[in-house]
Trainee: 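The structure that follows is given in the form of structure tokens.
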Amino acid sequence: MTTIDLSAAMITQAPPLADWLVVAPLVLCMVLGAVLLMVRKDTQIQPVIAIPGLVALVLVDAALLAHVWMNGTVTMTMGRWLPPFGIAFTVDILGALLTLTGGIAALAGGIFGAGDVNDSGRRYGFYPFLFLMMVGVSGAFLTGDIFNLYVWFEVLLISSFGLLILGSERGQIDGATKYAFLNLVATTLFLIATGYLYGIFGTLNMADIALKAQTMDDKAPMVTLVSMYLLAFGMKAAAFPANFWLPASYHTPRVVVSALFGGLLTKVGVYALIRVLLMLFPAERDLLGWVIALIAAATMVLGAMGALAQTDVRRMLGYLVISGIGVMLAGIALASPAGVAATVFYAVHSMIVMTALYLASGMAARASGSFSIAEPGGIYQSHVVLAGITLALFFAVSGLPPFSGFWPKALMVKASLDVGAWWLAAAILLTGFLTTIAVGRVWLLAYWRPAPAPPEEASTGAKAAAVTPVHALSPLLDFLPLVMLTALVVLIGIFPQKLLELSQIASEQLLNPAEYIRSVFPTEGLQ
Amino acid sequence: MRTLIFRTVAPYLASLMILFSIFVLLRGHNEPGGGFIGGLIAASAFAIYGIACGVSPVRRALHFHPMAISGTGLLASTAAGMLSIFFKVPFMTGLWLDIPLFGDSIAVSTVMLFDIGVYLVVVGSITSIALALEERPNS
């Protein structure tokens, strides 16, 4: 029997135990999702398993970020096959940071969901879907293989369908149809582009693609390929002009589901844009830079203008999500170290603040009985803490100091002026101004304005059913997710140094992927 | 659809199909077949049984809810990947164990456990969909 040299095809040394953190968020979510699926009918035990599970997820994500921060980019290749044949999970600061932020948003949603989702919602799988969506979200942030990225997009898409229609009301089915159709178009486009990419490069490993793209030049229709990715991920991220699915669907599900979607899903699209445009195809991105800049400016300004025109708080928040996407795209358009760092910072800020805002709107609707801003207000009179928290979040989303939204916007304006893109800087400032008016209007009408008369029981009865908590938790536990997220918003606003440092490292790693490539192909850097 | 002939044949047909699906599942180890296709065959067996005899006998026969079966499968597949942590090899590495039996040796592997997981996920989810579609709102 002949002996075979395994080291030519397989990884022969054992991976350090700490490297298992790379797959840990995924495995944890998958196991908990599976277990919760098995005990789906037992509605009492669901949150008891889910909430500690989400706490564990946040801890694992934090450990992963610490590991990547201290030891540089980490790779684990599935099944021992050497990359590019084995599917690699490669985690740099960007991936780890967004995974952690996503975990925090999911924890907030999981705790809030204990009081917001009724028994029927739990039986139809709120918690299993939440964990399976986190499998998709974490997988997308951690994977180093572009087809694998597609798979995670599908996983999170299917789970989000499930979450979107919990309750099966007419409006939800209507919203879900639009959401599903447009997202399926985007995913199909992503798949076609990936097939095309495989035809050009003969590899799906991102490090391998980044390496080969440097020497591709005019040998392949690269701009076509990159434009397809831009359109596909742009639709996912809700960038103008492919963003109309978002305001049509995000206000329909339970508010906790809106919070999770607003915090997580569009950011996965932005992440994919960052990864593909900035790291894999920087030369083609330079050619498309002005297109992306126009899309960015249109997305942020039109998003803020849309927010100005809404009377339903959840619809307004949907437009604010879009507006934030525009700001993140601005950094991708600039592609300077400062611009990309601002995008990463803004993504983290946006995930936290949008989740918190949806949760706050849910709490406000419980207090006043309606999501409409034209309804009797007076929340400031009756719920002063909630009104204060909401005001802080409104400041943060408008980019006013001293909250988390101020720093990335200031950085982005400076980065735009540095390269002479004054009109982009003007668009960011205009967006901030319009957002301030939009949220100021909501706060004045729904919170500050005193309630004219006590609401009549008969007229509010029907609406209250849709917004009141279904499980009476202690008020403390109800407030916990909101307070947790707002505390983060304030902390980041006052002590931005650490996050800024992380964003800058992430930006350097993206613009010069040598470390990423070396992590997958250890011998490549030595030549 | 509930003709006498169909109703008489369906239980035998369904049990044969399930046996065949397990054969396809195990055969998939080295030859065409595997968990996905095996799972589809088993799910169609439950669907046929459901068309012939109604949905509630199928649910009774399955004992567990189809989605719980899916969950078990997902757990089995994840566990198959995680076993490699104890053998100091990366996630999802195939591990083998030869069990001597009647003078022959039977190879048991994490790959097989993974495939059984896939089988259960497919059986569970497709059966769940099929039964939901077969269920009349008034019955």
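Naming convention: chains lettered A, B, ... in sequence-line order (proteins, then strands); numbering from 1 in each chain. Side chains included, hydrogens not; waters and symmetry mates left out as well; all remaining heavy atoms used.
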Trainee: Side chain, backbone, both or neither: which part of A:M30 has an atom under 4.5 Å from a heavy atom of chain B?
Mentor: both

Trainee: Considering only heavy atoms, which portion of A:R40 lies under 4.5 Å from any heavy atom of chain B: side chain, backbone, both, or neither?
Mentor: side chain

Trainee: Any side-chain to backbone donor/acceptor pair from B:S109 onto B:M112? Under 3.5 Å, distance only.
Mentor: yes

Trainee: So which of A:A14, A:G79, A:G33, A:P16 has the biggest tally of heavy-atom pairs under 4.5 Å with chain B?
Mentor: A:G79

Trainee: Which region of B:S84, side chain (C-beta onward) or backbone (N, CA, C, O), has a non-hydrogen atom less than 4.5 Å from a non-hydrogen atom of chain A, or is it both or neither?
Mentor: both

Trainee: In Å, rounded to the nearest 0.5 Å, how long is the span from CG of A:D145 to CE of A:M206?
Mentor: 7.0 Å

Trainee: Please look at A:L17 and chain B and tell me whether the side chain, the backbone, both or neither of the residue comes under 4.5 angstrom of a heavy atom of that chain.
Mentor: side chain

Trainee: Please look at A:L28 and chain B and tell me whether the side chain, the backbone, both or neither of the residue comes under 4.5 angstrom of a heavy atom of that chain.
Mentor: neither

Trainee: Between A:T90 and A:S519, do the side chains contain an N or O donor and an N or O acceptor separated by less than 3.5 Å?
Mentor: no

Trainee: Name every donor-acceptor pair, under 3.5 Å, that has one atom in a side chain of residues 147-154 of chain A and the other anywhere in the protein, sequence neighbours excluded.
Mentor:
{"from": "A:N148", "atom 1": "OD1", "to": "A:T143", "atom 2": "OG1", "distance (Å)": "2.8"}
{"from": "A:N148", "atom 1": "OD1", "to": "A:W152", "atom 2": "NE1", "distance (Å)": "2.9"}
{"from": "A:Y150", "atom 1": "OH", "to": "A:E154", "atom 2": "OE2", "distance (Å)": "2.8"}

Trainee: Measuring heavy-atom distances to chain B, does A:V23 have an atom under 4.5 Å in its side chain, in its backbone, in both, or in neither?
Mentor: side chain

Trainee: From A:L82 CG over to A:N205 CG, what is the distance, rounded to the nearest 0.5 angstrom?
Mentor: 11.0 Å

Trainee: Would A:D92 and A:R275 pass as an ion pair if we require N to O under 4.0 Å?
Mentor: yes

